[in-house]
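Read through the structure below, which is laid out as structure tokens, and then see the notes.
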Amino acid sequence: MAKKLLLIDDSRTARKLVKRNLPPEWEVEITEAGGGAEAMDLLAEQEFDVIFLDLTMPEVDGYSVLTWLKDNGKKTPVIVVSGDFQPKSGARVMNLGAFDFVKKPTQQDKMREVLRLAGVL
Amino acid sequence: VTVPEFNEDQYDALGEICNLAMGEAGAALATLLDVFVRLSVPSVRVLSADEILDFLCELDEADQEVAVVRQSFYGGVSGEVIALHSRGRSEDVADLFGYDDNSDDEREREVLLDVSNMLIGAVVNGILKQLNIEIGFSSPSLLNERVKLKDLNLNRNPSWHFVLLCEVNFQLEERQFAVRQLIFLPDESFEIIQLAVDEFLEDLE
């Protein structure tokens, strides 16, 4: 049965880059959100198996989404996919409950490894 | 002068390309100084040459004094970068970069040039490498040590009619140190950039 992925990034190009590097064997149904606010609306209404989350977004950024998920008791594993890979960003998102952190541009092998660790592949 | 328009996909791709380059530069700065660097959402737009000064005067730091560093690049495309350094307490800058605040204006100037050189090199190279465009850089120069943006004389190149402006910001958390980097690509480079972005996008399909 296909897993449900919520892919959150304000850039269509970034979302395409992430989708291109998903493992081809992964059965997945992808819902896309172009920003943090849209993502929170979707998360309030639907359950997902895994979330990919960008950090640098206008208005509601990735840190705010992680805080919202934590405050609302959502346990869906969040894989932060970001170009902001400074060490302190990684530490912050893990403290906010992220499952893992993947540097952009993503690599297919790394995505496969992280999805397996998250138990969705 | 007719300027080819950038379409929505091209703007979006350029934004993400800038985002990745900014991330690399931010990580280098964060590691160098052992700080957390707040990164902006990159902005990409086309301005007419006459709009540049108005644009600068509308920035958040328009009423503050900033240090201005300029650096040109050339090769596959040419253009220039203006780095605006918000002037915090000089002792904060001295502490960050490990020199004696009391001694040395010259040292502070060197630091501004060195930081600009590193960040500009990382961002501009980062952007253009993703587009398979090779460039070289001139040495950076300190245009003004303390100036309000409305008083800034950029001595703009008269051959520029329009520019593609890519903007990224770096702000150090808990420190009074911020850099706004404005990358200007004049209209003579537009066609090369557009073709390169289209190729980048085709690879995604």
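Order of the sequence lines sets the chain letters (A, B, ...), proteins ahead of strands, with each chain counted from 1.
Considering only heavy atoms from C-beta on, B/Thr31 comes within 4.5 Å of A/Pro87 through its side chain. A heavy-atom distance below 4.5 Å is found between the side chains of B/Asp34 and A/Lys88.
Contact annotation for B/Glu24: both backbone and side-chain heavy atoms come within less than 4.5 Å of a heavy atom of chain A. Proximity to chain A (any heavy atom under 4.5 Å) is shown, for B/Val37, by both the backbone and the side chain. For chain B, the nearby parts of A/Pro58 are the backbone and the side chain; heavy atoms of each come within less than 4.5 Å. No part of B/Ile17 comes within reach of chain A, as not one of its non-hydrogen atoms sits under 4.5 angstrom from that chain. Only the side chain of A/Lys103 comes within contact range of chain B, with at least one heavy atom under 4.5 Å from a heavy atom of that chain. A/Ser82 does not touch chain B: none of its heavy atoms, backbone or side chain, sits under 4.5 Å away. Proximity to chain B involves both the backbone and the side chain of A/Arg12, based on heavy atoms less than 4.5 angstrom apart.
Counting heavy-atom pairs closer than 4.5 Å to chain B, the top-ranked of the candidates A/Asp9, A/Thr56, A/Asp61 is A/Thr56.
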message: Run A/Arg20 and B/Asp203 through side chain to side chain contact (heavy atoms under 4.5 Å, CB included) and show every step you take.
response: CA-CA 10 Å; A/Arg20 186 185 66 170; B/Asp203 283 347; 4.2 Å; yes

task: Might you work through the salt bridge (charged side-chain N to carboxylate O under 4.0 Å, His left out) test for A/Lys104 and B/Glu16, ending with a clear yes or no?
output: CA-CA 10 Å; A/Lys104 284 181 180 176; B/Glu16 182 59 11; 3.0 Å; yes

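From B/Leu20, atom CG reaches atom CG of A/Leu17 across 7.5 Å, with rounding to the nearest 0.5 Å.
Closest approach of A/Phe85 and B/Gly23 over heavy atoms only: CE2-O, 3.7 Å.
For the pair B/Glu205 and A/Lys16, the salt-bridge criterion is met [side-chain N within less than 4.0 Å of a carboxylate O].
Atom CD of B/Glu5 has 12 or fewer heavy atoms from other residues, nucleotides or ligands within 6.0 Å.
B/Asp12 contributes a side-chain N or O that, together with a main-chain N or O of A/Thr13, makes up a donor-acceptor pair within less than 3.5 Å.
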